[in-house]
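Everything on this sheet refers to the single structure shown next.
This structure is a prediction, so every number in the text was calculated from the model and none was measured.
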Amino acid sequence: MTTLPKAILLAAAIIPGVALAQDSAHSFTGKVALYSEYEYRGISQTSEKPAAQLTLDYAHASGFYAGTFITNIKWLKDTGDVLGDPMSANIEWDIYGGYKWGFADGWTLDVGYLRYEYPSSKAIFPAFVKPNTDEAYVGVSYGPATLKYSYSFNDTFGVPESEGSDYLELTVNQPVMDKLTFNGLLGHQRYKGTQPLAGGFRNEDFNYTVWKAGLTYDFGRGFTAGAYYKGTNADSAFFTYKGKDWSKDRLVAFVAYSF
């Protein structure tokens, strides 16, 4: 894991020079960030441990874009340990691409595809399958608000027979004063599949709603910092491993540098 922060710092040093060499139709941007915890859709991915993250994005003036996101994780290792099938999958690597279209004054449509890749992961016997996941998404934005729908084409995040699972979220990022922005989110994760699985549970037992509220402060020159409080109504019995409830309400803080 020590190589991930080094790679992030190296990318931060190199990418700005690459971006300057491009013509105006192309743009390359990136962000390095440190979070007190990496949680995704309200569920901890690092078992309450910090996360170092790197995001790299390319955008074309036509509206097409592509990017990648890398972070450390811990949930796969902890799940494997609890189920007696250890693995060394400590990285999440996402790859995405899509098209954004300003179809009316103030309105933007965003359609894309996202691949969640977990290098070194495997199917966890007997309760789960390989966690790599493919999602298509469509979102519409107006002003500070975005409504986004994501649909999974395969077993979702390791839950067996969960093709067709989906996630709907509403986000609001509203400036409240100079350099300070309010960030809010309300979402719902739904897992398809009704057949009883190992242990007698059903996929729908993993369904939950998530909310988040926080603030981000812009220090200028690409530096930002903030914090938010997140909560879910997930059943902790299905998200507690090694004494850590991944769905628990808690405060998350972060610092970031964008370039």
Side-chain angles (χ1 to χ4, degrees), residues 38-47 68-98 111-139 147-170 185-211 230-248:
Y38 171 36
E39 59 81 21
Y40 187 64
R41 297 177 180 174
I43 304 300
S44 177
Q45 309 295 293
T46 52
S47 298
T68 189
F69 167 80
I70 303 174
T71 182
N72 58 291
I73 59 171
K74 198 169 183 290
W75 71 274
L76 280 171
K77 182 179 184 303
D78 285 355
T79 301
D81 289 346
V82 169
L83 297 179
D85 193 9
M87 69 171 71
S88 58
N90 297 316
I91 295 292
E92 175 187 330
W93 179 23
D94 301 343
I95 302 170
Y96 50 86
V111 179
Y113 198 89
L114 170 59
R115 167 72 173 185
Y116 304 86
E117 185 74 24
Y118 301 93
S120 301
S121 67
K122 60 182 180 180
I124 306 174
F125 181 83
F128 291 85
V129 294
K130 196 163 185 176
N132 298 335
T133 302
D134 295 280
E135 284 186 343
Y137 58 85
V138 57
L147 183 65
K148 182 178 179 180
Y149 175 77
S150 301
Y151 180 90
S152 173
F153 289 96
N154 47 15
D155 290 326
T156 308
F157 305 128
V159 177
E161 302 178 19
S162 59
E163 300 91 340
S165 298
D166 55 16
Y167 177 71
L168 179 67
E169 74 171 18
L170 173 66
L185 179 150
L186 179 64
H188 183 73
Q189 176 70 60
R190 180 175 60 173
Y191 287 91
K192 289 292 185 69
T194 59
Q195 295 300 318
L197 303 173
F201 62 84
R202 300 174 182 270
N203 287 356
E204 63 186 20
D205 294 330
F206 289 100
N207 295 351
Y208 64 90
T209 298
V210 54
W211 63 269
K230 68 94 177 177
T232 78
N233 67 348
D235 188 338
S236 61
F238 299 102
F239 292 96
T240 300
Y241 291 79
K242 292 187 172 181
K244 304 289 187 180
D245 180 1
W246 300 340
S247 65
K248 182 180 178 180

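- Atom CG of Leu147 and atom CG of Leu170 lie 6.0 Å apart (nearest 0.5 Å).
- Side-chain contact between Leu186 and Glu169: absent, with no pair of heavy atoms (C-beta onward) separated by less than 4.5 Å.
- Aromatic rings from Tyr167 and Tyr191 are positioned such that their centres are separated by 6.0 Å or more.
- Side-chain atoms of Asn90 and Asn72 form no donor-acceptor pair, as typed in the model, at a separation below 3.5 Å.
- Annotation: the span from Lys244 atom NZ to Thr46 atom OG1 amounts to 10.5 Å, rounded to 0.5 Å.
- Between Tyr38 and Trp75, the ring centre distance reaches or exceeds 6.0 Å.
- Between the side chain of Thr133 and the backbone N or O of Pro131 there is at least one donor-acceptor pair closer than 3.5 Å.
- In this structure, Ser152 contributes its side chain and Ser150 its backbone to no donor-acceptor pair below 3.5 Å.
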Q | Steps toward side-chain contact (heavy atoms from CB on, under 4.5 Å) verdict (Trp246, Tyr241) | A | CA-CA 8 Å; Trp246 300 340; Tyr241 291 79; 3.5 Å; yes
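- The nearest pair of heavy atoms linking Asp155 to Glu161 is OD1-N, 2.8 Å.
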Q.
Assess the residue pair Arg115 and Glu117 against the criterion (salt bridge (Lys or Arg N to Asp or Glu O under 4.0 Å)); give the C-alpha distance rounded to whole Å, side-chain angles, the decisive distance to 0.1 Å, and a yes or no.
A. CA-CA 6 Å; Arg115 167 72 173 185; Glu117 185 74 24; 2.9 Å; yes
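- A distance below 6.0 Å separates the ring centres of Phe239 and Phe206.
- Atoms CG and CG, from Asp85 and Leu76 in turn, are 11.5 Å apart once rounded to the nearest 0.5 Å.
- Nearest heavy-atom pair across Val129 and Pro160 is CG1-CB, 3.9 Å.
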**Q.** salt bridge (Lys or Arg N to Asp or Glu O under 4.0 Å) evaluation trace for Asp81 with Lys242
**A.** CA-CA 9 Å; Asp81 289 346; Lys242 292 187 172 181; 2.8 Å; yes
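- Put simply, CD on Gln45 and CZ on Phe157 are 7.5 Å apart, with the number rounded to the nearest 0.5 Å.
- Checking side-chain atoms of Tyr208 against main-chain N and O of Arg41 turns up a donor-acceptor pair under 3.5 Å.
- Put simply, the side chain of Lys230 gets close to the backbone of Lys248: a donor and an acceptor are under 3.5 Å apart.
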Q. side-chain contact (heavy atoms from CB on, under 4.5 Å) between Asp94 and Leu114: does it pass, once the steps are laid out?
A. CA-CA 7 Å; Asp94 301 343; Leu114 170 59; 3.9 Å; yes
Q: Apply side-chain contact (heavy atoms from CB on, under 4.5 Å) to Tyr118 and Ile73, showing your working.
A: CA-CA 9 Å; Tyr118 301 93; Ile73 59 171; 3.6 Å; yes
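- Across Ile91 and Pro119, no two heavy atoms sit closer than the pair O-CD, 3.4 Å.
- Between Tyr137 and Tyr149, the distance from one ring center to the other does not fall under 6.0 angstrom.
- Between Phe153 and Tyr151, the ring centre distance stays below 6.0 Å.
- Between atom CG of residue Leu168 and atom NE2 of residue His188 there is a gap of 9.0 Å, rounded to the nearest 0.5 Å.
- Side chain of Thr240 to backbone of Ala237: no donor-acceptor contact under 3.5 angstrom is found.
- For Trp93, the CH2 atom is loosely surrounded, since the number of other residues' heavy atoms within 6.0 Å does not exceed 12.
- Between Asn203 and Ser162, the side chains place no donor N or O within less than 3.5 Å of an acceptor N or O (distance only, hydrogens not considered).
- Nearest heavy-atom pair, Ser121 versus Asn132, reported as atom, atom and distance to 0.1 Å: OG-OD1, 3.8 Å.
- Between Ser165 and Gln189, the closest heavy-atom pair is CB-NE2, 4.5 Å.
- Ser47 contributes no side-chain N or O that, together with a main-chain N or O of Lys74, makes up a donor-acceptor pair within less than 3.5 Å.
- Judged purely by distance below 3.5 Å, without hydrogens or angles, the side chains of Glu135 and Tyr116 pair a donor atom with an acceptor atom.
- Between Asp235 and Asp205, the closest heavy-atom pair is CB-O, 4.4 Å.
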